[in-house]
Amino acid sequence: MRPFTFFTLFLGLALAQTPLGPVPTRDVHALLWHPSGALLLGHHDGIVLWNNSTSQDLVRRRDWDAMNLAWDGRRLLVAGHWILAESQDLKRFRDLKPKGLPALDLHAYAVNPKKPEVHYTLEATYGYFQSQDGGQTWTKLPAQGLPKAGMAFLLVDQKGRLWASLMERGLFLSEDGGQSFRPLPSPDPAPGPLALSPSGTLHLGGKLGLWRQTEAGWRRLWQGTVLALAAHPQEEGLLAWVDGRGTLWRGR
């Protein structure tokens with residue numbers, strides 16, 4: 001795949017947005033706003049740190065596929081195709097050897113913001129798992145009502161509820177720690193990445209745009225395909241996303 005180009009069609013609806021530049025990778029799978037203020041982009045060959053319009057490689061390895069980036073309050077967790085690693089300083093990455101996961105093809109990963117020792121993941125072949133010790137040991141979840149999906153995004157909100165966004169199948173919610181799920185109306189026909197603001201407001205990216213959940217329902221903030229999405233951990237309403245043409249945006 002050729003690197004993304006800078007061109008992006010400007011289609012703002014309710015969000016003051018700024019294009020930061022083209023993603024300097026051949027693809028992008030995950031986006032995380034680090035507490036330092038830097039943006040971390042997970043891609044097929046590692047992780048890029050973006051800060052003040054400059055980028056640098058934190059990891060650059062062929063097929064080191066960082067599909068998911070999660071922060072548990074003290075360390076960065078990286079999960080992807082046969083990868084589960086951690087870093088406390090964004091310099092040294094240590095491979096983890098968890099117990100209870102039959103394989104490490106991890107297509108989704110989430111950390112409970114109120115209980116950072118509770119983690120969830122989707123293993124591509126064996127399904128959904130939960131860890132209650134920071135990812136060291138895992139147990140299989142029934143995940144009743146949740147259809148099998150090849151591409152998924154997981155998020156735990158401030159109430160401890162587990163959201164599952166399945167691009168091919170819709171939006172689902174679990175209120176019992178992943179034991180069972182129920183479908184929810186989705187504002188987008190292909191729901192994708194999820195992000196949580198400091199106040200607990202949920203955001204969703206999809207094929208048709210960037211959405212914010214409100215008391216009146218979902219409100220579209222921006223029109224266009226959203227491949228990856230992150231919310232600033234301290235500044236309410238500040239978002240970053242990557243569009244379908246590979247441009248990184250910031251807006252509030």
Side-chain angles (χ1 to χ4, degrees), residues 1-60 64-71 76 78 80 90 151 153 155 165 167 186-199 201-214 218-252:
M1 182 186 295
R2 296 174 59 187
F4 289 122
T5 62
F6 183 74
F7 175 78
T8 298
L9 185 62
F10 187 86
L11 285 171
L13 292 183
L15 199 68
Q17 64 239 224
T18 303
L20 300 180
V23 174
T25 60
R26 61 185 173 125
D27 55 22
V28 60
H29 290 163
L31 191 60
L32 176 73
W33 220 315
H34 189 264
S36 67
L39 283 165
L40 306 180
L41 293 86
H43 61 100
H44 200 81
D45 301 312
I47 304 172
V48 167
L49 182 147
W50 186 288
N51 197 14
N52 297 325
S53 300
T54 62
S55 63
Q56 69 179 85
D57 289 323
L58 296 183
V59 180
R60 174 70 71 165
W64 200 83
D65 197 349
M67 292 185 68
N68 307 276
L69 301 174
W71 181 254
L76 174 68
V78 186
L90 303 186
M151 190 66 178
F153 299 88
L155 179 141
S165 178
M167 294 186 71
S186 171
D188 201 287
L194 297 157
L196 200 66
S197 73
S199 70
T201 300
L202 185 66
H203 297 84
L204 170 71
K207 182 179 180 180
L208 299 184
L210 173 56
W211 308 83
R212 174 177 292 159
Q213 191 181 46
T214 71
W218 290 97
R219 176 190 179 195
R220 183 158 61 180
L221 304 177
W222 184 84
Q223 184 172 331
T225 300
V226 176
L227 301 179
L229 175 63
H232 195 283
Q234 289 96 30
E235 295 189 42
E236 182 65 30
L238 185 56
L239 303 171
W241 66 97
V242 177
D243 70 12
R245 295 180 181 271
T247 296
L248 177 64
W249 293 81
R250 181 177 63 192
R252 68 165 72 243

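None of these values were measured; they are calculated from a predicted model. Nothing fancy with the numbering, it's 1 onward along the sequence.
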- Query: Under 4.5 Å between any side-chain heavy atoms of L20 and L39, yes or no?
  - Reply: yes
- Message: Restricting to side chain to side chain contact (heavy atoms under 4.5 Å, CB included), what partner residues turn up for P187, sequence neighbours left out?
- Response: L204, W211, W218
- Message: Taking side chain to side chain contact (heavy atoms under 4.5 Å, CB included) as the definition, give me every residue that meets it alongside A30, ordered by chain and number, with sequence neighbours left out.
- Response: L69
- Message: I'd like to check the side chain to side chain donor-acceptor pair (under 3.5 Å) partners of Q234; sequence neighbours left out, ordered by chain and number.
- Response: none
- Item | side chain to side chain donor-acceptor pair (under 3.5 Å) involving H44 - partner list, sequence neighbours excluded | D63, D65
- Supply the atom-to-atom distance R250 CZ to T18 OG1, rounded to the nearest 0.5 angstrom. 6.0 Å
- Message: Has T225 got a side-chain atom pairing as donor or acceptor with D243's backbone, closer than 3.5 angstrom?
- Response: no
- Task: For W33 and L238, run side chain to side chain contact (heavy atoms under 4.5 Å, CB included): C-alpha distance rounded to whole Å, both residues' side-chain angles, the deciding distance at 0.1 Å, then the answer.
- Result: CA-CA 10 Å; W33 220 315; L238 185 56; 3.6 Å; yes
- Message: For W50, give me all partners under ring pair (Phe, Tyr, Trp, His ring centres under 6.0 Å), at least two apart in sequence or on another chain.
- Response: none
- Task: Measure the shortest side-chain to side-chain distance between E235 and R252 over non-hydrogen atoms and say whether it is less than 4.5 angstrom.
- Result: yes
- Query: Between L76 and L90, is any pair of side-chain heavy atoms under 4.5 Å apart?
  - Reply: yes
- With sequence neighbours left out, what residues match S199 under side chain to side chain contact (heavy atoms under 4.5 Å, CB included)? S197, T201, E236
- Message: Between V78 and W64, is there a side-chain heavy-atom distance shorter than 4.5 Å?
- Response: yes
- Query: Does R220 use its side chain to pair, donor to acceptor, with the backbone of L208 at less than 3.5 Å?
  - Reply: yes
- Note on the structure: The ring pair (Phe, Tyr, Trp, His ring centres under 6.0 Å) partners of H29 (sequence neighbours excluded) come to none
- Query: Can you name the residues that form a side chain to side chain donor-acceptor pair (under 3.5 Å) with W241, not counting sequence neighbours?
  - Reply: none
- Query: side chain to side chain donor-acceptor pair (under 3.5 Å) with H203: which residues, sequence neighbours excluded?
  - Reply: R212
- Working to the nearest 0.5 Å, report the span between OG of S165 and CG of L202. 9.0 Å
- Looking at side-chain heavy atoms only, is the closest gap between W249 and L210 below 4.5 Å? no
- Query: So do L40 and L58 actually touch side chain to side chain, heavy atoms under 4.5 Å?
  - Reply: yes
